[in-house]
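Quick notes on the structure that follows.
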Amino acid sequence: MTVYIYRGGIPIRFLNKYIRRYWKLYFVTFIFLSAEAVCDLLQPTIMSKIIDQGVGTSDINYVLRMGGFMLLVTGVGAAMAVIRNIISSIVSQRFGRDLRGDLYKKIQNFSFDNVNEFQDATLITRLTNDVNQVQNFAHGMMRIFIKAPILCIGSLVMAALINPSMTWILVGVIPIIVFLIFLNMKISYPFFIQMQKALDGLNARMREYLAGIRVVKAFNRFDYEVDRFTEASKDLTQISIKGMRIMAVFRPGITLVVNLGIILVLWLGGYKVSKGEMQVGQIVAFTNYMTQILFSLMMLSRVFTMFIRAKASASRIGDVFAAENTLQREEEKGPRQAKEETTYDQNIKGHIAFRNVGFSYGGEGEGVLHDISFACKPGELLGIIGSTGAGKSSLVNLIPRFYDVTEGAVEVDHVDVRDYNLKVLREAIGIVPQKSLLFTGTIFDNIRWGREDATDKEVEKAAAIAGAHEFISTFPKGYETQLGQGGVNLSGGQKQRISIARAIIKNPKILIMDDSTSAVDLVTEAKIRRELQKYMKNTTTILIAQRITSVMNADQIMVLDNGKIAGLGTHEELRNNCDIYKDILYSQLGKEGFAHVIETI
Ligand code: DCP
Ligand code: MG
């Protein structure tokens with residue numbers, strides 16, 4: 001499979017858009033942050049003045065005056081912090097919302113190839129955890145980004161103003177701390193990336209398990225699944241522990257360096273005080289500035305850790321944004337340009353033609369379909385039969401362009417499907433997928449999902465054709481019955497019939513039913529078929545089936561074998577000419593025995 005992910009570089013250019021959108025508010029928070037920093041910087045100096053000039057000389061008035069001033073500075077700082085916090089929360093929440101929304105939209109537009117490439121589980125982690133990481137960083141920036149450097153440099157300057165002769169202690173300590181922080185980041189960066197990957201693995205396991213919980217229980221494979229989950233969980237734990245261990249070494253290391261610096265200040269300061277070169281208050285202020293420097297550097301390192309995580313997350317999000325939609329890619333590559341707003345919609349009659357179609361997933365490998373050619377006139381019924389894996393679903397998926405052909409062309413009304421506006425094309429096609437998927441909501445909503453403006457009567461009519469009206473009526477709440485996620489409170493056959501109703505309410509020109517009645521009993525299936533023939537006369541229908549009885553009456557039957565057409569014709573023709581068809585026929589007639597009876601029901 002071709003991979004469209006950027007492996008090199010950091011595709012985080014997508015962030016520019018949000019930076020452009022929010023930079024003004026960011027700027028405002030930076031102003032507030034700077035003001036906060038100035039307030040913090042003033043405190044130790046004021047304190048040293050109170051100690052040396054107020055307490056030292058017993059000047060109570062001075063103490064009160066400066067104390068009041070200190071209170072004012074603190075108050076101003078606190079007020080700034082509150083306002084800045086409000087703004088930064090709003091901005092980061094909005095930023096997260098926008099990013100998540102855009103990402104979701106992008107994923108919505110993904111072709112099936114794209115989704116296969118990323119897999120559901122990683123898309124979910126990217127949509128949730130990765131967006132959160134980036135959002136956290138955006139928030140962190142507004143809390144500390146400007147403040148930390150101002151505090152750090154400001155403390156240095158203020159300390160130098162108090163006593164230049166001891167500033168060298170600070171000048172010596174800062175580079176050591178910076179170096180330690182840098183080393184910490186360099187070592188821990190790969191772990192964060194691994195952590196994210198391990199989290200993906202864990203999510204994938206969990207999703208698979210939950211989706212298949214019934215099978216797991218039925219096969220008593222609970223222990224096996226638990227083991228697999230534990231395995232994934234262990235991976236995450238081990239990597240996290242390694243990452244944390246590095247933190248555990250560096251954090252105290254940094255504190256140690258600073259404390260050594262403070263000891264040096266106290267020791268040297270004590271000596272200077274005894275010699276009358278310095279005052280006690282100045283030493284207090286000095287150690288205060290020292291801790292502020294430590295504090296600001298720690299904050300900076302926090303921002304950097306956040307940055308590292310956010311960078312890893314952002315490039316994972318960037319991969320999604322950078323993934324080219326494989327369908328669009330085809331359009332750009334080929335000579336054809338998608339015609340905007342083509343007016344085919346009114347006129348699509350439902351003529352389908354495959355011209356020497358070859359197809360393989362991801363455009364590589366030996367291919368799933370080979371040299372498929374056939375045509376269906378509007379209103380015709382084409383039955384497709386063939387063993388599992390023959391390529392039946394793959395063949396019909398080419399018509400609504402879930403995938404694009406690798407060779408040849410698929411035409412609807414003599415126009416290449418790649419020349420249609422995708423929306424217009426899909427509007428004309430109704431699909432009942434092989435695996436029925438219903439949504440949370442009422443039965444009514446699920447059927448009307450096929451066409452938003454369908455009336456109650458139309459919904460009922462569609463349900464009746466699909467053979468669903470009968471069983472829906474037996475529910476106490478009828479069409480208002482709530483379905484759980486995936487429609488768990490319906491039987492397989494009931495789900496299939498609702499999916500059929502959902503497809504036919506669209507009144508499509510082309511109806512594709514991919515093994516849609518496999519879970520329906522033979523009598524009901526025959527009934528549905530008759531109804532379809534009656535009401536969908538003008539709809540070209542492609543019916544994939546396992547049972548010959550399902551396709552016996554079709555205008556044409558295609559026998560698909562290993563991606564090739566092994567026979568194409570009516571039941572009579574194939575019965576005489578196609579060996580594979582004969583085999584299927586005899587095996588099924590032998591097994592079901594009564595197949596011929598079904599026709600007469
Ligand atoms: N295949 C693939 N990637 C997919 C889907 C299918 O590589 N996303 C492969 C698996 C099969 C081949 O393509 O070897 C044909 O698969 P189909 O789903 O088209 O097969 P059928 O629909 O005929 O099988 P079934 O009757 O089981 O539905
Ligand atoms: Mg199939």
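Atoms within each ligand, like the ligands themselves, are counted from 1 in listed order. The structure presented is a predicted model; accordingly, all values stated were derived computationally and were not measured.
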Plane angle bin for Y361 and Y403 - parallel if under 30°, tilted between 30 and 60°, otherwise perpendicular: perpendicular

Over all atoms of both residues, closest heavy-atom pair of H351 and A375: CE1-CB, 4.4 Å

Intermediate values then yes/no, salt bridge (charged side-chain N to carboxylate O under 4.0 Å, His left out), E225 and R228: CA-CA 5 Å; E225 281 299 316; R228 297 219 297 172; 3.5 Å; yes

N, O or S atoms of the protein lying under 2.8 Å from the Mg ion (ligand 2): S393 OG, Q434 OE1

Between E458 and T455: side-chain donor-acceptor atoms closer than 3.5 Å: yes

Ion pair E531/K527, N-O distance below 4.0 Å: no

Nitrogen or oxygen contacts under 3.5 Å, ligand 1 side and protein side:
{"from": "ligand 1", "atom 1": "19 (O)", "to": "S393", "atom 2": "N", "distance (Å)": "3.4"}
{"from": "ligand 1", "atom 1": "19 (O)", "to": "S394", "atom 2": "N", "distance (Å)": "2.8"}
{"from": "ligand 1", "atom 1": "19 (O)", "to": "S394", "atom 2": "OG", "distance (Å)": "2.4"}
{"from": "ligand 1", "atom 1": "20 (O)", "to": "G391", "atom 2": "N", "distance (Å)": "3.4"}
{"from": "ligand 1", "atom 1": "22 (O)", "to": "S393", "atom 2": "N", "distance (Å)": "2.8"}
{"from": "ligand 1", "atom 1": "22 (O)", "to": "S393", "atom 2": "OG", "distance (Å)": "2.6"}
{"from": "ligand 1", "atom 1": "23 (O)", "to": "A390", "atom 2": "N", "distance (Å)": "3.3"}
{"from": "ligand 1", "atom 1": "23 (O)", "to": "G391", "atom 2": "N", "distance (Å)": "2.9"}
{"from": "ligand 1", "atom 1": "23 (O)", "to": "K392", "atom 2": "N", "distance (Å)": "2.8"}
{"from": "ligand 1", "atom 1": "23 (O)", "to": "K392", "atom 2": "NZ", "distance (Å)": "3.0"}
{"from": "ligand 1", "atom 1": "24 (O)", "to": "G389", "atom 2": "N", "distance (Å)": "2.8"}
{"from": "ligand 1", "atom 1": "26 (O)", "to": "K392", "atom 2": "NZ", "distance (Å)": "2.7"}
{"from": "ligand 1", "atom 1": "26 (O)", "to": "Q546", "atom 2": "NE2", "distance (Å)": "3.4"}
{"from": "ligand 1", "atom 1": "28 (O)", "to": "Q434", "atom 2": "OE1", "distance (Å)": "2.9"}
{"from": "ligand 1", "atom 1": "28 (O)", "to": "Q434", "atom 2": "NE2", "distance (Å)": "2.6"}

Pairwise distance CD(Q133) to CD(Q135) - rounded to 0.5 angstrom: 10.5 Å

Distance-only polar pair, side chains of E407 and N356, donor-acceptor under 3.5 Å: no

Closest non-hydrogen atom pair between G367 and S360, with its separation: CA-CB, 3.3 Å

Electrostatic pair D319-R316, nearest N-O below 4.0 angstrom: no

